[in-house]
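A quick write-up on the structure given underneath.
Just so it is clear, the values below take in all heavy atoms, side chains as well, and ignore hydrogens, waters and symmetry mates.
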Amino acid sequence: MFEDWMQRYEYMIELGKSLPLIEEQYRVDENLIKGCQSKVWLHSKLDGNKVIFTADSDAIITKGIVAILIRSFSHQEPQAILDADTNFIDEIGLKEHLSPTRANGLVSMVKQIKMYALAYQAKLN
């Protein structure tokens, strides 16, 4: 779809800009992703049997990265999130085009999303 990584970065920035704003009450330390260079807030709630995520970041590229994850995992059942194959991250080459600290942040975001799903799955059972 894109000819080079600059176009992909521009697309990620646009995705970040389109990310619905997280409510101010969720921009708190307990929702910060540990291991990210930038500040990334991730909030989840269970709506019926689906997990809804909202997020924000103080860095535009990171906001784009979390937007990709929100689009991939939000509105899914907890078990589907737990079973999800995250190889798409490697297949699109995202990790290899990020700085090591941003790549670590990406891994931390995925881990936190899976932790929320695990907690909700336990709650549903």
Side-chain angles (χ1 to χ4, degrees):
M1 186 168 147
F2 301 105
E3 293 179 22
D4 62 27
W5 267 95
M6 285 309 296
Q7 290 176 331
R8 291 180 188 190
Y9 283 127
E10 288 172 14
Y11 181 67
M12 280 194 306
I13 289 169
E14 289 305 313
L15 283 177
K17 288 179 182 177
S18 71
L19 189 66
L21 292 178
I22 192 170
E23 292 180 35
E24 196 61 35
Q25 68 193 38
Y26 301 125
R27 286 180 67 128
V28 294
D29 287 349
E30 67 188 41
N31 288 336
L32 280 171
I33 302 286
K34 312 293 185 267
C36 286
Q37 175 183 347
S38 307
K39 287 187 175 185
V40 179
W41 296 271
L42 179 67
H43 175 261
S44 70
K45 68 179 181 180
L46 192 61
D47 185 10
N49 63 344
K50 307 276 180 160
V51 183
I52 311 297
F53 293 102
T54 56
D56 197 8
S57 177
D58 62 352
I60 194 68
I61 290 288
T62 307
K63 192 170 182 172
I65 293 167
V66 78
I68 291 169
L69 296 176
I70 296 294
R71 285 176 174 236
S72 300
F73 295 109
S74 200
H75 302 281
Q76 302 291 327
E77 293 182 0
Q79 192 61 55
I81 294 169
L82 292 170
D83 294 342
D85 184 355
T86 56
N87 285 340
F88 74 91
I89 295 168
D90 294 327
E91 288 171 10
I92 63 173
L94 184 55
K95 260 200 278 191
E96 69 190 52
H97 285 87
L98 296 174
S99 68
T101 52
R102 283 218 168 99
N104 288 339
L106 171 62
V107 170
S108 295
M109 289 180 223
V110 172
K111 278 185 187 176
Q112 187 61 49
I113 286 169
K114 297 255 184 183
M115 290 299 292
Y116 279 129
L118 184 62
Y120 290 130
Q121 184 61 34
K123 190 177 193 179
L124 290 172
N125 287 335

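Between Ser38 and Ala59, the shortest heavy-atom distance links the atoms OG-CB, 3.2 Å. Contact detail for Ala103 and Leu98: the closest heavy-atom pair is N-CB, 4.0 Å. Closest heavy-atom contact between Tyr116 and Phe53: CD1-CE2, 3.8 Å. The minimum heavy-atom distance linking Gln121 with Gln79 is given by the pair OE1-N, 3.2 Å.
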side-chain contact (heavy atoms from CB on, under 4.5 Å) assessment of Leu118 paired with Lys114: CA-CA 6 Å; Leu118 184 62; Lys114 297 255 184 183; over 6 Å; no
Intermediate values then yes/no, side-chain contact (heavy atoms from CB on, under 4.5 Å), Asn104 and Gln37: CA-CA 9 Å; Asn104 288 339; Gln37 175 183 347; over 6 Å; no
Test side-chain contact (heavy atoms from CB on, under 4.5 Å) applied to Gln112 and Met109, step by step: CA-CA 5 Å; Gln112 187 61 49; Met109 289 180 223; 5.9 Å; no
Verdict with supporting geometry, Tyr11 and Ile68, side-chain contact (heavy atoms from CB on, under 4.5 Å): CA-CA 10 Å; Tyr11 181 67; Ile68 291 169; over 6 Å; no
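Using a 4.5 Å cut-off between side-chain heavy atoms of Ile, Leu, Val, Met, Phe, Trp and Tyr, with links allowed through other members, Val66 and Ile22 fall into different hydrophobic clusters. A continuous path of Ile, Leu, Val, Met, Phe, Trp and Tyr side chains, each step under 4.5 Å between heavy atoms, connects Ile60 with Ile70, placing both in one hydrophobic cluster. Hydrophobic clustering keeps Val107 apart from Ile65 (ILVMFWY residues linked when any side-chain heavy atoms are closer than 4.5 Å, directly or through intermediates). When the side chains of ILVMFWY residues are joined at heavy-atom separations under 4.5 Å, either directly or via intervening members, Leu19 and Ile13 end up in a single hydrophobic cluster. Under the 4.5 Å side-chain heavy-atom criterion for grouping Ile, Leu, Val, Met, Phe, Trp and Tyr, Ile113 is connected to Leu15 within one hydrophobic cluster.
Shown here are the salt bridge (charged side-chain N to carboxylate O under 4.0 Å, His left out) partners of Glu10, two or more places apart in sequence or in another chain: there are none.
Here side chain to side chain donor-acceptor pair (under 3.5 Å) pairs that include residues 23-35, with residues two or more places apart or in two chains, are Arg27-Asp56.
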What side-chain donor-acceptor pairs closer than 3.5 Å can you find for residues 39-51, not counting sequence neighbours?
| residue | atom | partner | partner atom | Å |
| --- | --- | --- | --- | --- |
| Ser44 | OG | Tyr120 | OH | 2.9 |
| Asn49 | ND2 | Glu77 | OE2 | 3.0 |

